[in-house]
Number of protein chains: 2
Amino acid sequence: MSMSDAIANLSRKEQVIRKAAELFKDKGYAAASMRDLAQLLGIEAASLYSHIKSKEEILRSLCFDMAAEFRKSLEEVEKQHVPASEKLRNGIIGHIQVMAKDLTASAVFMNEHRHLSEPYLRDFLLLRINYINRFKTIIEDGVRTGEFKNTIDKKLAVMTLFSSLNWMPMWYDPDSSIDPQALGDQLADMLVNGLKKA
Amino acid sequence: MSMSDAIANLSRKEQVIRKAAELFKDKGYAAASMRDLAQLLGIEAASLYSHIKSKEEILRSLCFDMAAEFRKSLEEVEKQHVPASEKLRNGIIGHIQVMAKDLTASAVFMNEHRHLSEPYLRDFLLLRINYINRFKTIIEDGVRTGEFKNTIDKKLAVMTLFSSLNWMPMWYDPDSSIDPQALGDQLADMLVNGLKKA
DNA sequence: CCTACCGATCGGTAGG
DNA sequence: CCTACCGATCGGTAGG
């Protein structure tokens with residue numbers, strides 16, 4: 001196989017994965033059939049398997065690639081020497097920006113990961129709990145320094161934060177007047193400062 | 001069929017629906033088979049159909065019963081003559097209390113409604129957009145009276161609110177130290193006032 | 001509530 | 001990338 005064949009294969013594989021992401025988002029992983037996917041690509045179902053090993057391999061690559069992006073973004077934020085409220089703000093903005101780069105894959109990451117088989121599901125959930133706990137640490141730091149209220153339950157705070165972030169791909173219209181940067185800003189403002197006028 | 005038979009049937013049908021809710025929540029509607037459900041109930045798959053008409057009928061009853069509960073709760077709140085911030089707070093608490101009464105059905109309502117067929121899906125989405133818009137009206141009232149910031153995008157605000165509320169069944173442990181009333185209080189506080197110390 | 005069964009569809013393979 | 005096909009499983013029905 002020549003280099004250009006390898007590149008062609010890679011790009012075709014990428015096409016398959018991207019179309020699959022759209023399909024999985026729209027119908028859900030379990031209800032999306034490989035025949036549906038093939039039809040979207042204009043080929044026969046059996047032909048998919050010269051590009052990918054299995055249906056689940058596609059789901060795995062979508063979920064774990066997104067997880068890696070989120071992790072990278074948070075690591076950058078953790079390096080910063082800024083107050084906890086600023087760190088939380090930057091973490092939120094980073095998370096939103098990673099999502100905005102691929103809203104379809106983000107929706108699959110959030111809604112369909114439960115269809116991963118073991119041991120992948122376990123690995124995925126470990127990555128997620130680690131990510132959540134690192135946000136929780138930022139919130140706890142903010143409570144310790146007096147920036148954040150000490151009256152709020154930390155688990156509730158971090159899960160509420162996460163819920164807000166993770167549903168964004170379900171309603172955000174990338175063609176709308178509000179761009180991802182402004183979206184991140186406003187989301188961070190609402191969660192940190194609330195709706196009420198200061 | 002005697003009256004007591006009717007009552008027995010009704011209660012058995014309820015058992016089927018409740019078990020189905022657990023199964024749909026755990027595996028997702030599409031991945032949950034009627035044979036799985038039958039096994040959980042200790043009967044054969046074909047026997048399910050003496051209690052229910054179809055798999056989707058179960059999903060419909062779960063989704064629309066929850067929708068009716070949410071609607072009822074919001075109507076009570078809308079009658080109140082209180083400031084918008086108070087109304088929003090009470091709307092949040094009401095929503096949480098409806099969910100807390102049946103966390104399993106709430107999770108199905110949120111995650112599996114997309115598997116409804118037409119025309120039920122359309123009806124469901126209309127109910128949901130109506131509910132969301134009524135919350136949006138409360139937020140807009142609050143902006144008009146000066147209780148809420150006028151800098152925030154209203155769609156973002158209401159969708160963030162909804163995301164936070166609707167993911168609660170995914171992480172809330174009803175045996176935890178925080179009870180539904182306190183949960184509603186804290187969630188309302190976080191969304192209205194933010195994490196930051198006043 | 002059961003046995004026996006239906007047609008449709010599923011993910012995936014063999015072989016080219 | 002295709003034709004031809006596999007065993008497994010799906011929601012649901014007939015008849016008792």
Side-chain angles (χ1 to χ4, degrees), chain A residues 1-2 4-24 26-63 108 112 114-118 120-121, chain B residues 1-2 4-24 26-63 108 112 114-118 120-121:
Chain A
M1 191 189 283
S2 75
S4 63
D5 278 348
I7 289 169
N9 273 344
L10 205 71
S11 117
R12 191 57 168 151
K13 184 173 182 177
E14 267 306 311
Q15 282 177 48
V16 170
I17 292 175
R18 293 191 71 82
K19 269 287 177 224
E22 290 174 33
L23 188 65
F24 293 171
D26 289 344
K27 304 189 68 166
Y29 178 78
S33 78
M34 296 305 270
R35 282 159 180 85
D36 292 336
L37 178 55
Q39 199 173 26
L40 286 174
L41 291 159
I43 60 177
E44 293 299 318
S47 308
L48 290 167
Y49 293 89
S50 37
H51 303 295
I52 48 103
K53 287 197 196 73
S54 68
K55 185 183 181 188
E56 201 191 317
E57 187 205 42
I58 302 176
L59 182 61
R60 278 201 297 271
S61 79
L62 288 167
C63 289
V108 173
E112 309 302 334
R114 64 167 150 179
H115 296 289
L116 289 168
S117 65
E118 298 294 356
Y120 306 102
L121 180 57
Chain B
M1 191 189 285
S2 75
S4 62
D5 279 346
I7 290 168
N9 274 345
L10 205 72
S11 118
R12 190 57 169 151
K13 184 174 181 175
E14 267 306 311
Q15 283 176 47
V16 170
I17 291 175
R18 294 191 70 82
K19 269 287 176 221
E22 290 174 33
L23 188 65
F24 293 171
D26 289 345
K27 304 189 68 166
Y29 178 77
S33 78
M34 297 304 269
R35 282 157 180 86
D36 291 337
L37 177 55
Q39 197 172 29
L40 285 174
L41 291 160
I43 60 177
E44 293 301 316
S47 307
L48 289 167
Y49 294 89
S50 38
H51 303 294
I52 48 105
K53 288 197 196 70
S54 67
K55 186 184 179 185
E56 200 191 318
E57 188 204 41
I58 302 176
L59 182 61
R60 279 202 296 272
S61 78
L62 289 167
C63 289
V108 173
E112 309 302 334
R114 65 167 152 178
H115 295 290
L116 290 167
S117 64
E118 297 294 356
Y120 305 103
L121 180 57

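Labels below follow one simple rule: chain letters A, B, ... track the order of the sequence lines, proteins then strands, and each chain is numbered from 1.
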Stems formed with participation of DNA chain C [Watson-Crick or G-U wobble, under 3.5 Å, three or more pairs]:
C:1-16 with D:1-16
Quick one: closest heavy-atom pair of A:A30 and A:H115, and the distance?
CB-CE1, 4.0 Å
Qualifying side-chain hydrogen bond (donor to acceptor under 3.5 Å, both in side chains) pairs, either residue in residues 31-46 of chain A, two or more places apart:
A:K27-A:D36, A:S33-A:D36
Residues at least two apart in sequence or cross-chain that pass salt bridge (charged side-chain N to carboxylate O under 4.0 Å, His left out) with B:K19, listed by chain then number, are B:E22
Min and max contacting nt of DNA chain C in 5' to 3' order, chain A heavy atoms within under 4.0 angstrom, are C:dC10 to C:dT13
So which atom in A:I58 and which in A:A20 form the shortest heavy-atom distance, rounded to 0.1 Å?
CG2-CB, 3.6 Å
Hey, which sits more toward the 5' end of DNA chain C by its nearest nucleotide, A:A31 or B:E44?
B:E44
Show the nearest heavy-atom pair for residues B:A21 and B:V108, with the distance to one decimal.
O-CG2, 3.4 Å
Rounded distance [0.5 Å steps], CZ in A:R60 versus OG in A:S117
6.0 Å
Test side chain to side chain contact (heavy atoms under 4.5 Å, CB included) applied to B:A46 - qualifying residues, sequence neighbours left out
none
When we call it a touch if two heavy atoms are under 4.0 Å apart, what does B:A32 touch: a base, just sugar-phosphate, or nothing?
sugar-phosphate
Separation between CZ (A:R18) and CD (A:E14), nearest 0.5 Å, reads 7.0 Å
Apply side chain to side chain contact (heavy atoms under 4.5 Å, CB included) to A:A38 and list each qualifying residue two or more places apart in sequence or on a separate chain.
A:I43, A:A45, A:L48
Ordered by number, residues from residues 53-62 of chain A within less than 4.0 Å of DNA chain C (heavy atoms) are A:S54, A:K55
Does A:L59 reach the side chain of A:K55, with side-chain heavy atoms less than 4.5 Å apart?
no
Say whether A:R12 and A:Q15, considering side chains only, have a donor N or O and an acceptor N or O under 3.5 Å apart.
yes
Is the shortest side-chain heavy-atom distance between B:L41 and B:H51 below 4.5 Å?
no
Do any of residues 33-40 of chain A sit with a heavy atom less than 4.0 Å from DNA chain C, and if so which?
A:S33, A:M34, A:R35
Taken in chain and number order and not counting sequence neighbours, the residues that satisfy ring-ring contact (aromatic ring centres under 6.0 Å, His included) with A:F24 are A:Y29
